[in-house]
Novice: 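Before I ask anything, let me first share the structure, which is written out below as structure tokens.
Everything numeric in this text was worked out from a predicted model, so none of it was measured.
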Amino acid sequence: MNIDIDEAALTELMELLETDDRDKAVNLAVQAAAVRVRLAKPAQRELAELFASGALDLEALEQPWRQRHSSQTPAHFTGSTESRP
């Protein structure tokens with residue numbers, strides 16, 4: 001099978017894997033992607049079910065974060081050289 005592959009990405013992957021075998025690098029990358037997707041599927045499904053049932057309220061989750069962070073302006077936005085805890 002012939003496919004177009006990003007040569008820069010493949011070169012980086014081969015360096016990281018310490019191999020000069022292009023086929024081996026591509027096959028390992030495909031296997032790693034399959035593992036990541038397989039592991040993520042149950043969590044994605046569970047989150048979708050929680051959201052559909054109303055048990056997961058994203059606005060409620062964001063509200064405490066916004067309350068904590070809205071009154072704190074980082075020093076780099078105020079021009080101050082003093083850092084905040």
Side-chain angles (χ1 to χ4, degrees):
M1 171 185 347
N2 290 328
I3 58 174
D4 290 329
I5 294 181
D6 181 327
E7 289 296 325
L10 179 57
T11 299
E12 180 182 10
L13 177 62
M14 290 170 58
E15 288 172 4
L16 292 168
L17 294 173
E18 299 177 356
T19 184
D20 58 356
D21 186 333
R22 296 167 61 91
D23 289 342
K24 178 180 180 179
V26 170
N27 285 323
L28 286 172
V30 170
Q31 291 168 358
V35 168
R36 282 193 308 272
V37 170
R38 185 178 341 106
L39 294 174
K41 282 283 188 186
Q44 291 171 338
R45 199 170 16 257
E46 185 175 349
L47 283 173
E49 290 170 3
L50 287 170
F51 189 73
S53 72
L56 180 63
D57 183 354
L58 296 179
E59 284 189 32
L61 292 173
E62 287 180 349
Q63 196 61 29
W65 183 88
R66 286 186 181 159
Q67 289 173 351
R68 280 196 318 271
H69 296 286
S70 65
S71 63
Q72 297 177 1
T73 304
H76 64 277
F77 289 130
T78 62
S80 170
T81 58
E82 188 177 313
S83 63
R84 290 183 165 226

Novice: Under the salt bridge (charged side-chain N to carboxylate O under 4.0 Å, His left out) definition, can you give me all pairs with a residue in residues 44-54, not counting sequence neighbours?
Specialist: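 Every pair satisfying salt bridge (charged side-chain N to carboxylate O under 4.0 Å, His left out) with a residue in residues 44-54: there are none.
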Novice: Answer yes if I5 and L13 sit in the same cluster of Ile, Leu, Val, Met, Phe, Trp and Tyr residues linked by side chain heavy atoms under 4.5 Å apart, and no otherwise.
Specialist: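 No; L13 is not reachable from I5 via cluster members.
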Novice: Which atom names give the shortest non-hydrogen contact between P42 and L39, and what distance separates them?
Specialist: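 Taking every non-hydrogen atom into account, CD-O, 3.5 Å.
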Novice: Let me have the donor-acceptor pairs involving side chains of residues 16-37, under 3.5 Å, with sequence neighbours excluded, atom names and distances please.
Specialist:
from : atom 1 : to  : atom 2 : distance (Å)
T19  : OG1    : D21 : N      : 3.1
D21  : OD1    : D23 : N      : 3.1
D21  : OD1    : K24 : N      : 3.0
R22  : NH1    : E7  : OE1    : 3.2
R22  : NH2    : E7  : OE2    : 3.1
N27  : ND2    : D23 : O      : 3.1

Novice: Got a sec, which residues hit side chain to side chain contact (heavy atoms under 4.5 Å, CB included) with D4, two or more places apart in sequence or on another chain?
Specialist: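 By the side chain to side chain contact (heavy atoms under 4.5 Å, CB included) rule, D4 matches no residue at all.
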